[in-house]
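Whatever order the structure lists them in is the order used to number ligands and atoms, beginning at 1.
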Amino acid sequence: MNRWIIPALAVALAACSAQTPLTDPVARGERDFNGLGCVKCHQIGDKGHAWGPDLTMLGFRKSSAWIDAWLKDPHAWNPKTLMPNFHLKPETRADLVAYLSAQKGQAWPVKPWQTPEAAALSSAERGKIIFNAVGCVSCHAKDGYGGYPNNNVAGGLVNALTKVTEGYSRPELHQKIKGGAIPIPNDSKQPLPMLQMPKWGEQLSAKEIDAVVEYLYTLAPKAAAGGKPSKDDF
Ligand code: HEC
Ligand code: HEC
């Protein structure tokens with residue numbers, strides 16, 4: 001009797017999946033991002049939870065090659081990371097990379113620093129929101145402390161931003177953020193550093209960059225601001 005039931009089931013299943021033909025890797029990646037629980041720790045647009053970095057602009061700041069390496073084994077890049085290794089199948093990983101690489105800020109209904117609440121804040125406070133939302137924090141770490149791994153750079157880490165006021169005037173800092181930078185490789189025979197400072201002028205207005213500059217100036221070590229040096233300054 002199974003002879004007819006099984007083909008009938010197969011037809012029914014085929015009809016079912018035909019209703020949701022996810023032929024687009026980006027759409028499959030979105031489905032998996034939600035289905036695998038990435039949303040428990042990450043936010044894209046106004047969906048998910050901001051426990052880990054906001055990924056709404058991930059595709060602008062990080063290359064597909066880096067995202068792929070990260071998803072393959074987060075601890076291989078950052079032994080201290082709190083992100084679990086999902087042991088993703090290569091196909092699933094490829095779909096997630098397609099979805100995440102497509103995230104260039106378009107998922108925000110309103111950018112977090114352009115809300116009426118943010119408009120009432122000081123420029124430096126708005127700059128801090130930008131710093132975290134667009135993901136400066138994903139390379140330069142919380143409050144610009146640095147210490148996130150990079151390949152083939154002196155010291156093996158992305159630089160801290162807590163002392164930029166010593167090396168840059170406000171206009172110079174603005175220019176640096178606007179134009180981005182590729183770090184000088186430690187060894188010219190090795191692959192280029194995968195984490196590069198993006199050209200933020202392509203995403204942020206001059207006024208928004210100025211707000212970030214004001215925020216970075218609040219990160220100056222206390223000694224430089226005229227206070228007593230403390231152990232946190234070094
Ligand atoms: C338990 C919380 C948690 C879960 C679940 C989680 N992540 Fe993460 N993820 C993090 C944290 C924390 C970081 C910050 C980086 C670090 O710790 O080094 C991160 C970093 C990332 C980054 C790099 C972010 C950046 O801005 O450079 C990507 C990409 C990422 N996660 C994707 C995913 C995907 C895709 C999933 C689901 C398969 C996922 N994460 C699930 C916690 C999580
Ligand atoms: C993908 C990683 C990445 C992201 C995201 C990123 N940066 Fe950078 N940034 C770097 C790297 C790498 C350098 C070092 C470039 C070099 O060596 O010339 C750098 C350099 C800098 C410098 C110069 C520091 C110095 O001491 O010379 C400033 C300022 C800076 N970044 C600010 C920012 C701000 C503000 C944002 C967000 C709007 C941001 N960065 C986002 C990777 C990143």
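Within 6.0 Å of atom CD1 in Ile184, 12 or fewer heavy atoms from other residues, nucleotides or ligands are found, so the atom counts as exposed in its surroundings.
When each atom of ligand 2 is checked for a heavy atom of Val212 under 4.0 Å away, the hits are 35 (C). Close contacts between ligand 1 and Trp51 involve ligand atoms 2 (C), 12 (C) [criterion: under 4.0 Å to a heavy atom]. Ligand-side atoms of ligand 1 in range of Leu58: 24 (C), 25 (C), 26 (O), 27 (O), 29 (C), range being under 4.0 angstrom from any heavy atom. The ligand atoms of ligand 1 that sit less than 4.0 angstrom from a heavy atom of Leu82 are 17 (O). Interface atoms of ligand 1 facing Trp66, defined by a heavy-atom separation under 4.0 Å, are 23 (C), 27 (O). When each atom of ligand 1 is checked for a heavy atom of Arg61 under 4.0 Å away, the hits are 25 (C), 26 (O). Ligand 2 places these atoms under 4.0 Å from at least one heavy atom of Lys176: 18 (O), 23 (C). Each of the atoms 15 (C), 18 (O) of ligand 2 lies under 4.0 Å from some heavy atom of Ala181. Listed by number with element, the atoms of ligand 2 under 4.0 angstrom from any heavy atom of Gly135 are 5 (C). Per-residue contacts place Asn78 under 4.0 angstrom from the following atoms of ligand 1 (heavy atoms of the residue considered): 16 (C), 18 (O). Near Cys41, with a cut-off below 4.0 Å to any heavy atom, the atoms of ligand 1 are 1 (C), 2 (C), 3 (C), 4 (C), 5 (C), 42 (C), 43 (C). Residue Thr81 approaches ligand 1 through these ligand atoms, each under 4.0 Å from one of its heavy atoms: 15 (C), 16 (C), 17 (O), 18 (O). The contact set between ligand 2 and Trp200, taken as ligand atoms under 4.0 Å from a residue heavy atom, comprises 5 (C), 36 (C), 37 (C), 38 (C), 39 (C), 41 (C).
In this structure, the protein non-hydrogen atom closest to atom 16 (C) of ligand 2 is Pro183 CA, 3.8 Å. Closest protein heavy atom to atom 33 (C) of ligand 1: Met83 CE, 3.3 Å. At the top of the distance list for atom 14 (C) of ligand 2, counting protein heavy atoms only, stands Asn159 OD1, 3.3 Å. Closest protein heavy atom to atom 41 (C) of ligand 1: Phe86 CE1, 3.4 Å. Distance from atom 27 (O) of ligand 1 to its nearest protein heavy atom, with residue and atom name: Lys62 NZ, 2.4 Å. The shortest contact between atom 24 (C) of ligand 1 and any protein heavy atom is with Leu55 CD2, 3.6 Å. For atom 36 (C) of ligand 2, the closest heavy atom belonging to the protein is Cys136 SG, 2.8 Å. The single protein non-hydrogen atom nearest to atom 3 (C) of ligand 2 is Cys139 SG, 2.7 Å, given as residue, atom name and distance. Among protein heavy atoms, the minimum distance from atom 12 (C) of ligand 2 is reached at Leu195 O, 3.4 Å. Distance from atom 21 (C) of ligand 1 to its nearest protein heavy atom, with residue and atom name: Trp70 NE1, 3.2 Å. Annotation: atom 34 (C) of ligand 1 to nearest protein heavy atom, Cys38 SG, 3.4 Å.
Judged by distance alone, with hydrogens and angles left aside, the side-chain atoms of Asn152 form a donor-acceptor pair with the main-chain N or O of Pro191 at under 3.5 Å. For Arg126 (side chain) and Ala211 (main-chain N/O), no donor-acceptor pair under 3.5 Å exists by modelled atom type. Although no hydrogens or angles enter the test, the distance criterion places a donor-acceptor pair under 3.5 Å between the side chain of Glu208 and the main chain of Ser205. Remark: side-chain polar atoms of Gln190 are not paired, donor with acceptor, to backbone N or O of Asn186 under 3.5 angstrom. A donor-acceptor pair under 3.5 Å is formed between the side chain of Thr56 and the backbone N or O of Gly45. In this structure a side-chain-to-backbone donor-acceptor pair under 3.5 Å is present from Asn34 to Glu30.
Below 3.5 Å of separation, one finds an N or O of Tyr168 facing an N or O of ligand 2.
Rounded to 10°, the angle formed at atom 8 (Fe) of ligand 2 by NE2 of His140 and SD of Met197 is 170°.
In this model, no donor atom of one side chain and acceptor atom of the other lie less than 3.5 Å apart for His75 and Asn85. Under 3.5 Å, the side chains of Tyr215 and Asp143 contain a donor-acceptor pair of N or O atoms.
To the nearest 0.5 Å, the span separating CG on Leu71 from SG on Cys38 amounts to 8.0 Å. Atom NE2 of residue His49 and atom CG of residue Asp54 lie 13.0 Å apart, to the nearest 0.5 angstrom. Distance check, rounded to the nearest 0.5 Å: CG of Asn150 to CH2 of Trp77 gives 5.5 Å. Residue Asp187 holds its CG atom at 11.5 Å from CG of Asn151, rounded to the nearest 0.5 Å.
Across Gln106 and Ala102, no two heavy atoms sit closer than the pair NE2-O, 2.7 Å. Contact record, Ser138 with Tyr148: O-CD2, 3.6 Å, taken as the closest heavy-atom pair. Across all non-hydrogen atoms, the minimal contact from Gly29 to Leu96 is O-CD2, 3.5 Å.
Residue Leu173 touches ligand 2 through its side chain alone, judged by heavy-atom distances below 4.0 Å. Residue Pro198 touches ligand 2 through its side chain alone, judged by heavy-atom distances below 4.0 Å. Contact annotation: for Val153 versus ligand 2, there are no heavy atoms closer than 4.0 Å. Here Leu71 has side-chain heavy atoms under 4.0 Å from ligand 1, and that is the only part of it that gets that close.
For the ligand labelled ligand 1, residue Lys40 lies outside the 4.0 Å heavy-atom shell. No heavy atom of Gly167 sits closer than 4.0 Å to any atom of ligand 2.
Comparing Pro53, Gly59, Gly52 against atom 13 (C) of ligand 1, the shortest heavy-atom distance belongs to Pro53. Selection from Val158, Val134, Leu161 by nearest heavy atom to atom 22 (C) of ligand 2 gives Leu161.
A perpendicular orientation is assigned to the rings of Trp200 and Phe60, their planes being inclined by more than 60° (bins at 30° and 60°). Ring orientation note: the planes of His42 and Phe33 are tilted relative to one another, at an angle of 30° to 60°.
Glu202 and Lys178 are not joined by a salt bridge, as no carboxylate oxygen comes within less than 4.0 angstrom of a charged side-chain nitrogen.
With a 4.5 Å cut-off on side-chain heavy atoms, Phe131 and Leu161 count as touching.
The nearest N, O or S atom of His42 is closer to atom 8 (Fe) of ligand 1 than 2.8 Å.
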